[in-house]
Amino acid sequence: MDELGPRPRPGELAAHRADRDGRPSIVPLLAGYWSFGQFWGVWVILVFEFQRDHGLSDSRLGIGYTLLSVVAVAVMLVVAPRLQPLPLRASVPISLLSLAVGAVAIAFLPTSGIWLGFVLVGVGNGLIDVYLNVAAHRAEVVARRPVLQWLHASYALGGVTGAASAALILAAGLDFRIGLTYAAAFLTAMGVWNVRTAPRDRAPEGTDTTFSISALFRAPALWVPAVTVLFAFLVEGSMDTWSGLYLRDELGASAATAAIAFIAFAGAVFFGRLFAGRVLFGLGARTTILVAGIGSAVGGSIAVATSNPLVVGIAFLLLGFMISAAAPAAFGLVEGSGEDAANAIAAVTTVGYTGFIWSPPLLGWIAQTVSLRAAMGVVVVATFGIAGTGLLVKDRRAGR
């Protein structure tokens, strides 16, 4: 981030007045996003059992994901902006606790009510993706460190612990609902922790609480990071929801093998974001996004072209490492937009979630009518989109 760039706004500075580098609020914030990633790491392994327990086809599961995403977008457009007056000490825990409720609901609701479970998970996802990114952005402005990279790295680490935990739960012969309850317990604990540590300060007076998507029209420069996030979310979201089924259904891999392959992906994302935070982050957003797009295209193509689970796991490792920096680098571009950070991030995230709206039914339909391999091919197409948006980014080196 530019050391001579815009100074933090009064509200952002006050949020970290107790410690100029923001450290007191960073650790619980990272832990909260870790619990978010852990939920999806648990889900990607246990969705196989969930799908069969409720007798859902790939296309109906895709409809559930679409419902989840539509709700998440609606929350970001309508609910999140209206929570702006609340301090982060309230909005961050509310976000985490909302997903905890959704996790329990989707675990225990009967088949006739599982759509409500997807709705509640969507509410939690929408709030988390706005308010934890807002908190990280404020910390990054004050600390002048790649906090957004660390935040998204913690999500990937959660994917590792979640997938490993789910595999152990299945190996012990336990019901998949226990795994989802386990994920909900950690979300709750992290929410309580952030109640004690997140900044107390409210948003500055006059903060816009209208539909967040309007920020894209007030600041057209936000469209580049928005489209970058769209493609990055499509890739990462597809891995969170379809990669386990691809390995277990299409390639006949065991739950343990699927878990190892996903751990390779999530672990690579974790270390990749740490690497990007130390190295690529200093090279500028343009280089970071271009490298992420081209490298992930190579990894995704190998994963789709082979039928060997071991080779797929290695390809997932490459895909995860290369895709890791795309979304955080794009979120970092909102600083120069002139928009309030919360509205800018909400707008960018909203566009990103539109990929979740149209891609799940598309992938579900392709999986149902062609194959899961063909559905995973959509992921490769999205990686080329990331590289394309990188060409549109103005070169601005973080250390300049």
Side-chain angles (χ1 to χ4, degrees), residues 33-34 36-45 47 65 68-69 72-73 121-122 125-126 128-129 132-133 148-160 162-163 225-247 261-274 276 288-289 291-293 295-300 303-304 315-331 345 348-360 362-363 375-387 389-390:
Y33 220 63
W34 163 81
F36 179 35
Q38 180 165 250
F39 166 78
W40 284 107
V42 167
W43 175 261
V44 73
I45 302 304
V47 64
Y65 288 144
L68 185 159
S69 301
V73 169
V121 171
N125 270 256
I128 287 173
D129 269 325
L132 272 73
N133 276 292
L148 281 163
Q149 293 281 10
W150 298 341
L151 184 79
H152 289 261
S154 68
Y155 177 93
L157 182 60
V160 171
V227 175
T228 304
V229 170
L230 185 155
F231 287 124
F233 275 13
L234 194 155
V235 174
E236 295 187 42
S238 297
M239 292 297 293
D240 284 351
T241 53
W242 294 103
S243 63
L245 285 175
Y246 172 64
L247 282 156
F262 184 78
I263 287 171
F265 169 77
V269 172
F270 172 68
F271 287 108
R273 281 181 176 149
L274 294 180
T288 302
I289 294 172
V291 170
S296 57
V298 174
V304 172
F316 279 3
L317 188 107
L318 176 61
L319 172 61
F321 186 80
M322 302 311 297
I323 196 69
S324 60
F331 278 122
I345 289 174
V348 167
T349 308
T350 299
V351 173
Y353 261 96
T354 62
F356 288 160
I357 293 175
W358 56 262
S359 67
L362 175 64
L363 268 63
M376 290 297 289
V378 177
V379 173
V380 181
V381 175
T383 60
F384 286 105
I386 294 172
T389 60

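What's counted below: heavy atoms across the whole structure, side chains too, no hydrogens, waters or symmetry copies. Counting begins at 1 with the first residue of the sequence.
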Which pair of heavy atoms, one from Gly162 and one from Val42, lies closest together, and at what distance? O-CG2, 3.4 Å
Check the pair Val304, Val379 against side-chain contact (heavy atoms from CB on, under 4.5 Å), reporting the backbone distance first and the verdict last. CA-CA 9 Å; Val304 172; Val379 173; over 6 Å; no
Between Val227 and Phe231, is a side-chain contact (heavy atoms from CB on, under 4.5 Å) present by the stated rule, with each step listed? CA-CA 6 Å; Val227 175; Phe231 287 124; 3.6 Å; yes
Which pair of non-hydrogen atoms, one from Thr288 and one from Ala325, has the smallest distance, and what is that distance? CG2-CB, 3.3 Å
side-chain contact (heavy atoms from CB on, under 4.5 Å) between Val269 and Leu319, worked out: CA-CA 8 Å; Val269 172; Leu319 172 61; over 6 Å; no
Minimum side-chain heavy-atom gap Val44-Leu245 below 4.5 Å: no
Do Thr389 and Thr228 meet the criterion of a side-chain donor-acceptor pair at a distance under 3.5 Å? yes
Is there a side-chain contact between Val229 and Val351 in this structure, where contact means two heavy atoms from C-beta onward sitting under 4.5 Å apart? no
Full working for side-chain contact (heavy atoms from CB on, under 4.5 Å) between Ser243 and Phe316: CA-CA 9 Å; Ser243 63; Phe316 279 3; 4.0 Å; yes
Specify the closest pair of heavy atoms between Ala266 and Ala156, including all atoms of both residues, with the distance to one decimal. O-CB, 3.2 Å
Nearest-0.5 Å distance that lies between atom OG in Ser154 and atom CZ in Phe36: 10.5 Å
Atom of Pro225, atom of Val348 and distance for their closest heavy-atom approach: O-CG1, 3.9 Å
Taking every heavy atom of Val160 against every heavy atom of Gly267, the minimum-distance pair comes out as CG2-N, 3.3 Å
Roughly how far apart are Ser69 OG and Asn125 CG, rounded to 0.5 Å? 8.0 Å
In terms of heavy-atom contacts, Phe262 and Met239 come closest through CE1-O, 3.6 Å
Classify the ring geometry between Phe39 and Trp43 as parallel (under 30°), tilted (30 to 60°) or perpendicular (over 60°). parallel
d(Phe265 CZ, Ile323 CD1) to nearest 0.5 Å is 7.5 Å
Calculate, to the nearest 0.5 Å, the distance between atoms CH2 and CD1 belonging to Trp40 and Ile45 respectively. 13.0 Å
Nearest 0.5 angstrom please: Ser324 OG to Tyr155 OH, how far? 14.0 Å
Assign the ring pair Tyr65 / Trp242 to parallel, tilted or perpendicular, where the plane angle (0 to 90°) is split at 30° and 60°. perpendicular
Atom OG of Ser238 and atom OH of Tyr246: how far apart are they, to the nearest 0.5 Å? 13.0 Å
